[in-house]
Amino acid sequence: MYLRETRRKNKDGSVVSYLQLAHNERHPDTGSPTAKVIHNFGRAETVDREGLARLVSSISRFLAPEQAAASAAGGEVEILDCRRLGGAWTLDRLWERLGIGAAIRRAADGRRLDADAAERVIFTLVAQRALEPGSKLAATGWVTERVAIERMTGLSDDQAYRGMDFLLDALEEIAADVFNSVAHLLNLDLDIVFVDTTSTYFETEGADRVPELADPVADDTGGPVESGAREFGHSKDFRTDLPQVVIAMAVTRDGIPVRCWTFPGNTADTAIIRTVKDDLDGWNLRRLVWVADRGFASAANRAYLTRGGGHYIHAEKLRHTNTEAAAALARPGRYHTVAGNLRVKEVHVAPGGDGDGDGGARTQRFVVCHNPDQAQRDAQVRENLVAHLEELIDGSDTWTPRRRDELVGSLKSKPGLRRYLRRTNTGLLRIDHTAIKTEAGLDGKWLLRTSDTTLTPEDLAAAYKQLLAVESGWREMKGSLGLRPVFHHREDRIRAHVQLCWLALLLIRVAETATGDTWRSIRHELDRMHLVTLATDHGQVAQRSAVTAGQRKILTALELPEPPRFFDFAPTDA
């Protein structure tokens with residue numbers, strides 16, 4: 001069926017046009033298509049064009065959006081809006097698949113909140129962390145003008161802060177639900193959990209005067225609790241002049257961050273490790289082996305981690321270490337090669353480092369790992385440092401004692417140089433060749449201590465190398481996720497901000513694991529997909545851009561369908 005125009009020429013040479021509604025039928029004898037007129041609209045210049053528009057609008061209601069848009073082709077088209085779609089749409093699908101949205105809605109229902117609205121606000125803040133980090137105020141303009149998020153047309157700063165408050169209030173149940181859902185869907189290996197900490201600083205001159213929790217270290221039962229008040233403390237970013245907050249993260253063997261905690265900047269590692277262990281013990285995991293760096297290598301932490309049948313793997317300091325670790329390093333033994341060029345040897349040391357370990361209950365089990373390639377790099381670095389130090393002290397015998405003291409003082413902040421310098425009895429500066437020989441014995445090595453007797457040395461070495469995934473997560477949070485700069489002044493908002501970064505990192509890690517690519521590349525490709533709102537003579541339609549080969553590859557790896565081609569169609573009102 002179609003609208004056709006016929007013309008008739010008058011005797012005076014003028015041409016008259018007529019409009020007819022017709023459709024083609026095949027002639028019963030010849031089989032040729034012939035036009036059959038259904039309705040005559042009359043002369044084209046006198047036809048009721050508003051009536052035609054009403055007819056088109058009425059027909060469009062029975063068409064799919066793409067059919068209606070195609071029928072409008074040939075008319076004037078105006079672009080009303082254009083927003084990035086691919087990144088937010090993909091994160092939204094992962095968000096629902098991992099059960100994060102459902103967990104938030106359940107928690108909101110229990111607090112008599114608008115569950116859908118609360119979930120959309122939190123997802124928007126998490127998506128902003130992953131796609132275009134900015135302040136909560138910037139998020140309001142971002143979602144209103146720059147990105148297309150389903151069921152989210154606008155966001156106020158008050159809504160953003162209320163969403164953060166709700167997230168923190170319901171964090172325990174949300175985190176547990178998310179963990180259970182993610183562990184089940186991704187079939188995570190939960191026998192080994194990697195734990196590491198970092199610190200971040202805040203753009204304010206002073207620490208919190210009154211922490212919002214009465215005691216950030218212990219609760220009524222004497223156990224540690226989580227708190228994120230800003231306090232001055234050790235800074236891994238070398239900003240001891242600014243108040244800090246300590247962040248702890250637990251990551252699975254697969255690199256998936258399953259939980260995140262915040263603590264005041266001056267919190268001892270003992271309190272941190274107890275909080276983390278107690279929280280994860282509440283999730284009834286069948287067996288846990290904790291992998292932590294040398295920052296947690298204390299006897300108190302080791303004792304706490306083995307309570308209830310738990311186990312640990314952590315690194316020992318190679319320099320200025322305890323007697324047991326020093327004995328393990330000095331113990332002779334034969335290395336055997338495992339994966340790649342990594343060599344390992346197992347050593348048992350009796351308590352206190354005396355005598356030979358026999359594998360008994362109190363014997364400390366160590367694994368010495370050696371990487372020949374890393375040993376060559378370490379040797380080259382040391383050679384460069386010694387050469388530089390020789391240049392610094394060249395001719396120092398003629399200096400005044402004060403000038404030599406000043407040089408030695410300037411090297412206190414440079415331990416890599418300071419360890420190779422010695423002073424003679426008369427105060428002269430010399431290269432310490434004994435220290436060089438000692439350091440050469442540590443090239444390419446690291447030392448692991450464990451309480452688990454079931455893991456092979458190869459398993460232990462591979463497990464500790466995986467701790468790099470946690471360190472990569474910290475770089476991601478501080479870099480592309482925009483953990484800093486942080487201007488929050490309330491202790492609870494500090495913790496909520498960190499949890500938003502954790503949820504964003506969780507989505508990113510799942511995407512990276514499935515695609516085998518970096519989030520930077522994934523995000524760059526997905527951001528090419530836009531949602532364009534078009535205005536035609538017959539209405540408005542929101543249509544996405546064509547899916548590229550790169551986007552299709554990402555969606556296939558994530559087992560996600562392509563976004564619908566049309567998101568909305570609004571015919572012109574009659």
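Note that this is a predicted model, so its numbers are computed, not measured. Along the sequence shown, the residues carry numbers beginning at 1.
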Legend entry - Side chain to side chain, Tyr420 and Glu439, heavy atoms closer than 4.5 Å: yes

Legend entry - Interatomic distance, Leu125 atom CG to Leu500 atom CG [nearest 0.5 angstrom]: 5.5 Å

Inset, instruction - State whether the side chain of Lys414 and the backbone N or O of Ser410 hold a donor-acceptor pair below 3.5 Å, judged by distance alone. - result: no

Legend entry - Check: Ala511 main-chain N/O paired with Thr515 side-chain donor or acceptor under 3.5 Å: yes

Legend entry - Within-4.5 Å side-chain heavy-atom neighbours: Leu98 and Val178: no

Legend entry - Short side-chain to backbone donor-acceptor contact, Asp92 and Ala88, under 3.5 Å: no

Legend entry - Polar side-chain atom of Arg418 near backbone of Leu421 as donor-acceptor pair, under 3.5 Å: yes

Legend entry - Criterion side-chain contact (heavy atoms from CB on, under 4.5 Å) on Val258 and Val182, from CA distance to verdict: CA-CA 8 Å; Val258 294; Val182 170; 5.6 Å; no

Inset, instruction - Heavy atoms only: give me the nearest Leu392-Leu407 pair and the separation to one decimal. - result: O-CD2, 3.9 Å

Legend entry - Arg523 side chain to Ala130 backbone, donor-acceptor under 3.5 Å: yes

Inset, instruction - Could you tell me which non-hydrogen atom of Pro257 sits nearest to which non-hydrogen atom of Arg509, and how far apart they are? - result: CD-CG, 3.8 Å

Inset, instruction - Look at Lys553 together with Glu525 and state whether they make a salt bridge at an N to O cut-off of under 4.0 Å. - result: no

Inset, instruction - Mind running salt bridge (Lys or Arg N to Asp or Glu O under 4.0 Å) on Arg106 and Glu119 for me, showing each step along the way? - result: CA-CA 10 Å; Arg106 283 193 297 269; Glu119 182 269 332; over 6 Å; no

Legend entry - Donor-acceptor under 3.5 Å (Arg129 side chain, His497 main chain): no

Legend entry - Min side-chain heavy-atom separation His184-Asn180 under 4.5 Å: no

Legend entry - Side chain to side chain, Tyr161 and Lys136, heavy atoms closer than 4.5 Å: yes

Legend entry - salt bridge (Lys or Arg N to Asp or Glu O under 4.0 Å) against Glu96, all qualifying residues, sequence neighbours excluded: Arg105

Inset, instruction - To the nearest 0.5 Å, tell me how far Arg493 CZ sits from Leu168 CG. - result: 10.0 Å

Legend entry - Side-chain (Glu173) to main-chain (Ala103) donor-acceptor, under 3.5 angstrom: no

Legend entry - Criterion side-chain contact (heavy atoms from CB on, under 4.5 Å) on Val344 and His336, from CA distance to verdict: CA-CA 6 Å; Val344 298; His336 66 275; 3.6 Å; yes

Inset, instruction - State, with a plain yes or no, whether a side-chain heavy atom of Leu342 is found less than 4.5 Å away from one of Cys369. - result: yes

Legend entry - Derivation and outcome, side-chain contact (heavy atoms from CB on, under 4.5 Å), residues Ile273 and Tyr312: CA-CA 12 Å; Ile273 202 70; Tyr312 61 81; over 6 Å; no

Inset, instruction - List for me each residue that meets salt bridge (Lys or Arg N to Asp or Glu O under 4.0 Å) alongside Asp443, sequence neighbours excluded, and say none if there are none. - result: Arg382

Legend entry - Flag, side chain of Arg365 to backbone of Asp452, donor-acceptor distance under 3.5 Å: yes

Legend entry - Interatomic spacing from CG in Leu113 to CD1 in Ile104 - rounded to 0.5 Å: 12.0 Å

Legend entry - Side chains of Arg302 and Ser451 in contact at under 4.5 Å (non-hydrogen atoms): no

Inset, instruction - Using a 4.5 Å cut-off on heavy atoms from C-beta on, say whether the side chain of Val126 contacts that of Leu506. - result: no

Legend entry - Nearest atoms (heavy-atom pairs only) where Val246 meets Pro264: CG2-O, 3.6 Å

Legend entry - Nearest non-hydrogen partners of Phe166 and Ala108, listed with the distance: CZ-N, 3.6 Å

Inset, instruction - Can you measure from NZ (Lys445) to CG (Asp378) and round to the nearest 0.5 angstrom? - result: 11.5 Å

Inset, instruction - Kindly compute the distance separating CG (Leu526) from CG (Leu131), expressed to the nearest 0.5 Å. - result: 8.5 Å

Inset, instruction - Report yes or no: does Thr363 contribute a side-chain atom to a donor-acceptor pair with the main-chain N or O of Val349 at less than 3.5 Å? - result: no

Inset, instruction - Quick one: pull up CG in Leu455 and CG in Leu448 and give me the separation to the nearest 0.5 Å. - result: 11.0 Å

Inset, instruction - Give the ring-plane orientation class for His370 versus Tyr335, where under 30° counts as parallel, over 60° as perpendicular and anything between as tilted. - result: tilted

Inset, instruction - Spell out, as yes or no, whether a donor-acceptor pair under 3.5 Å connects the side chain of Trp502 to the backbone of Met249. - result: no

Legend entry - Side chain to side chain, Arg449 and His314, heavy atoms closer than 4.5 Å: yes

Legend entry - Closest approach of Leu305 to Lys277 (non-hydrogen atoms, all atoms of both residues): O-CE, 3.5 Å

Inset, instruction - Take Ile100 and Leu507 through the side-chain contact (heavy atoms from CB on, under 4.5 Å) test and state the conclusion after the steps. - result: CA-CA 10 Å; Ile100 303 175; Leu507 296 176; 4.0 Å; yes

Inset, instruction - Ignoring hydrogens and angles, state whether a donor on the side chain of Arg377 or Gln374 is under 3.5 Å from an acceptor on the partner side chain. - result: yes

Legend entry - Taking every non-hydrogen atom, the tightest pair across Val121 and Ala160: CG1-CA, 4.1 Å

